[in-house]
*Asks:* 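A single structure is presented below for examination.
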Amino acid sequence: RLWRRAMDNCYRVKEVIKACPNVSLLEDLKECNKLLEQVQKGLTAYLETKRGSFPRFYFLSDDELLEILSQTKDPTAVQPHMRKCFDNIARLQFDPEP
């Protein structure tokens, strides 16, 4: 909310010098940074639990793992990452559901 309010103000004012004198802007941005760090720590902890359940996920970056986890309904989403998870497996062939 703080970030959106600051960006709305910058969008309306259109001049940096006029938008920045807001005394609470620095404190608002520091608070946004703290919240972002908390979210990042929580996300990292969540991804570590997933990697602990399936150690092959350690071969994937956070972005790649998030991509797979966000598409749990689509098993073909793992296709681009197969080579990183398993040696000598480039792709899988999925049969349509009966």
Side-chain angles (χ1 to χ4, degrees):
R1 210 176 300 192
L2 297 172
W3 176 258
R4 182 169 287 174
R5 187 175 51 219
M7 292 302 104
D8 285 343
N9 183 45
C10 289
Y11 181 76
R12 281 193 313 274
V13 174
K14 305 262 193 233
E15 293 180 35
V16 163
I17 302 299
K18 291 180 181 177
C20 288
N22 184 351
V23 290
S24 67
L25 181 61
L26 178 60
E27 291 305 316
D28 288 348
L29 292 176
K30 285 180 180 179
E31 181 65 25
C32 287
N33 198 30
K34 286 180 189 176
L35 292 172
L36 182 61
E37 286 176 9
Q38 287 177 344
V39 169
Q40 185 66 38
K41 285 179 184 177
L43 178 61
T44 300
Y46 172 74
L47 293 177
E48 276 303 307
T49 62
K50 295 301 179 182
R51 286 182 171 118
S53 335
F54 188 67
R56 295 276 180 173
F57 283 158
Y58 282 105
F59 295 113
L60 300 173
S61 70
D62 288 352
D63 291 339
E64 292 166 332
L65 182 52
L66 277 173
E67 182 182 338
I68 290 171
L69 294 174
S70 70
Q71 299 178 18
T72 56
K73 302 238 187 273
D74 181 16
T76 61
V78 299
Q79 201 75 272
H81 311 290
M82 288 305 298
R83 191 164 275 164
K84 285 187 176 180
C85 288
F86 299 98
D87 288 340
N88 298 320
I89 297 178
R91 64 184 186 90
L92 298 173
Q93 180 177 343
F94 291 93
D95 292 333
E97 290 184 31

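In what follows, residues are counted from 1 in the order of the sequence shown. Note that the coordinates shown come from a computational prediction; the quantities given were computed from them, not determined experimentally. Excluded from the calculations below are hydrogen atoms, water molecules and symmetry mates; all remaining heavy atoms, backbone and side chain alike, are included.
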*Asks:* Taking C-beta and beyond as the side chain, do L43 and L47 meet within less than 4.5 Å on heavy atoms?
*Replies:* yes
*Asks:* To the closest 0.5 Å, what do you measure between CZ (F59) and CG (L65)?
*Replies:* 13.5 Å
*Asks:* Please check if W3 and V13 belong to a single hydrophobic cluster, counting links between Ile, Leu, Val, Met, Phe, Trp and Tyr side chain heavy atoms closer than 4.5 Å.
*Replies:* no
*Asks:* Using the side-chain contact (heavy atoms from CB on, under 4.5 Å) criterion, which residues pair with L60? Sequence neighbours excluded.
*Replies:* F57, E64, I68, H81, K84, C85
*Asks:* Please tell me if the side chains of L35 and V39 come closer than 4.5 Å, counting only heavy atoms from C-beta onward.
*Replies:* no
*Asks:* Side chains of Y46 and L69: does their closest heavy-atom pair fall under 4.5 Å?
*Replies:* yes
*Asks:* Just how far is it from atom CD of E27 to atom CG of L25, taken to the nearest 0.5 Å?
*Replies:* 10.0 Å
*Asks:* Answer yes when R51 and D62 have at least one side-chain N-carboxylate O distance shorter than 4.0 Å, and no when they do not.
*Replies:* yes
*Asks:* Give a yes or no on this: more than 12 heavy atoms of other residues, nucleotides or ligands lie within 6.0 Å of atom CZ of R56.
*Replies:*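 More than 12 within 6.0 Å, yes.
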*Asks:* Should we say atom OH of Y11 is surrounded by more than 12 heavy atoms from elsewhere, each under 6.0 Å from it?
*Replies:* no
*Asks:* Inspect the surroundings of CD1 in I89 and state if more than 12 heavy atoms from other residues, nucleotides or ligands are less than 6.0 Å away.
*Replies:* yes
*Asks:* Just checking K14: does its NZ atom have more than 12 heavy atoms from other residues, nucleotides or ligands closer to it than 6.0 angstrom?
*Replies:* yes
*Asks:* Nearest 0.5 Å, please: how far is OG in S53 from CD in E48?
*Replies:* 10.5 Å
*Asks:* Which is it for L29 and N33 under the side-chain contact (heavy atoms from CB on, under 4.5 Å) test, yes or no, and what are the steps along the way?
*Replies:* CA-CA 6 Å; L29 292 176; N33 198 30; over 6 Å; no
*Asks:* Is there side-chain contact between D74 and Q79, with at least one heavy-atom pair below 4.5 Å?
*Replies:* no
*Asks:* In Å, rounded to the nearest 0.5 Å, how long is the span from OH of Y58 to NZ of K50?
*Replies:*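 With rounding to 0.5 Å, OH (Y58) is 13.0 Å from NZ (K50).
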*Asks:* Can you hop from V78 to F54 via hydrophobic side chains spaced under 4.5 Å?
*Replies:* yes
*Asks:* CD/E31 to CG/L26 distance, rounded to the nearest 0.5 angstrom?
*Replies:*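 Going from the CD atom of E31 to the CG atom of L26 covers 12.0 Å.
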